[in-house]
Amino acid sequence: MNENHNKCCCCHCCQESTCPWMPPVYFNAVMQGGYQEIAPEKEVRFLLAFQSGDFSFTPNTTEITVNTGGIYRIDYSLLLRPDGETINAAYAVAINGLENPLSFFGIYSDGLTNTERAQLTGMFIAPIEAGSIVTLRNKSSTTDYLAGTGIDNQAVNHASIIIQRIKNN
């Protein structure tokens, strides 16, 4: 073992998330219960957060700041309520205002009742520079309704995002 290099046995190990001396780095935020209207080109708000590592976030806002650069995996999930009888939704993650092309995911369903819900999920991997701002943006041409109520009388998360560093820069 090379004692002079962060207790790792090789330089490659210190760059990987599997290194036993590199603690996991993650950010997890949700918006619970209630509902949120997300107009086209607007961002999703998050309320509660749990994190390790170097992130900045103010509850009930849309922006998450990644303070340490690296390669990150981002997963998101939205619980959608139909507008009328239709869910027509598309979302993307924007990093410093620019949507990452790997982050676009959507769902379409017609003939629904207003008590039905559909889960939209997305996941991708991307490099993020230190100080970057991450948001989850509605790319639909219509307003979407995120609903965390009406599920077996439980208030559930209607929006969530996980940002996990998988490799250092």
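Just so it is clear, the structure is predicted and the values come from calculations on it, not from any experiment.
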Expected output: side-chain Asn100 to main-chain Leu102 donor-acceptor under 3.5 Å: yes

Test item: Ser140 side-chain N/O and Ala90 main-chain N/O as donor-acceptor pair under 3.5 Å: yes

Check the hydrophobic clustering (I, L, V, M, F, W, Y; side-chain heavy atoms under 4.5 Å; chains of links allowed) and say if [X] and [Y] are grouped together.
X	Y	value
Tyr108	Ile87	no
Leu78	Met31	no
Leu47	Tyr35	no
Phe124	Val25	yes
Phe104	Leu136	no

Evaluate the side-chain proximity of [Y] to [X]: yes if any heavy-atom separation is below 4.5 Å, no if none is.
X	Y	result
Ile163	Ile64	yes
Val134	Val93	yes
Asp83	Thr143	no
Thr61	Phe46	no

Reported [atom1]-to-[atom2] distance for the pair [X] and [Y], which is rounded to 0.5 angstrom:
X	Y	atom1	atom2	result
Ser103	Tyr91	OG	OH	13.0 Å
Thr135	Glu43	OG1	CD	4.0 Å
Thr86	Leu80	OG1	CG	12.5 Å
Ile133	Ile128	CD1	CD1	12.0 Å
Ile38	Arg137	CD1	CZ	12.0 Å
Ser109	Arg117	OG	CZ	13.0 Å

Closest non-hydrogen atom pair between [X] and [Y], with its separation:
X	Y	result
Ala92	Glu99	CB-CG, 3.8 Å
Ser160	Val30	CB-CG1, 3.7 Å
Thr149	Gly33	CG2-C, 4.3 Å
Asn138	Pro40	ND2-N, 3.7 Å
Gly122	Phe105	CA-CD1, 3.3 Å
Ser77	Thr121	OG-CG2, 3.7 Å

Residue that, paired with Ile107, satisfies side chain to side chain contact (heavy atoms under 4.5 Å, CB included) out of Asn88, Leu120, Asp144: Leu120

All salt bridge (Lys or Arg N to Asp or Glu O under 4.0 Å) counterparts of Arg81, not counting sequence neighbours: none

Qualifying residues under salt bridge (Lys or Arg N to Asp or Glu O under 4.0 Å), relative to Asp75, sequence neighbours excluded: Arg73

side-chain contact (heavy atoms from CB on, under 4.5 Å) evaluation trace for Asn157 with Leu79: CA-CA 8 Å; Asn157 298 330; Leu79 188 59; over 6 Å; no

Heavy atoms from other residues, nucleotides or ligands near CD of Glu129 exceed 12 (cutoff 6.0 Å): no

More than 12 heavy atoms from other groups under 6.0 Å of NZ on Lys42: no

Short side-chain donor-acceptor distance under 3.5 Å, Asn67 and Ser56: yes

Polar contact flag, side-chain donor to acceptor under 3.5 angstrom, Thr113-Thr115: yes

side-chain contact (heavy atoms from CB on, under 4.5 Å) between Tyr26 and Phe50, worked out: CA-CA 8 Å; Tyr26 53 84; Phe50 180 73; 3.3 Å; yes

Centroid-centroid distance, Phe57 to Phe27, less than 6.0 Å: yes

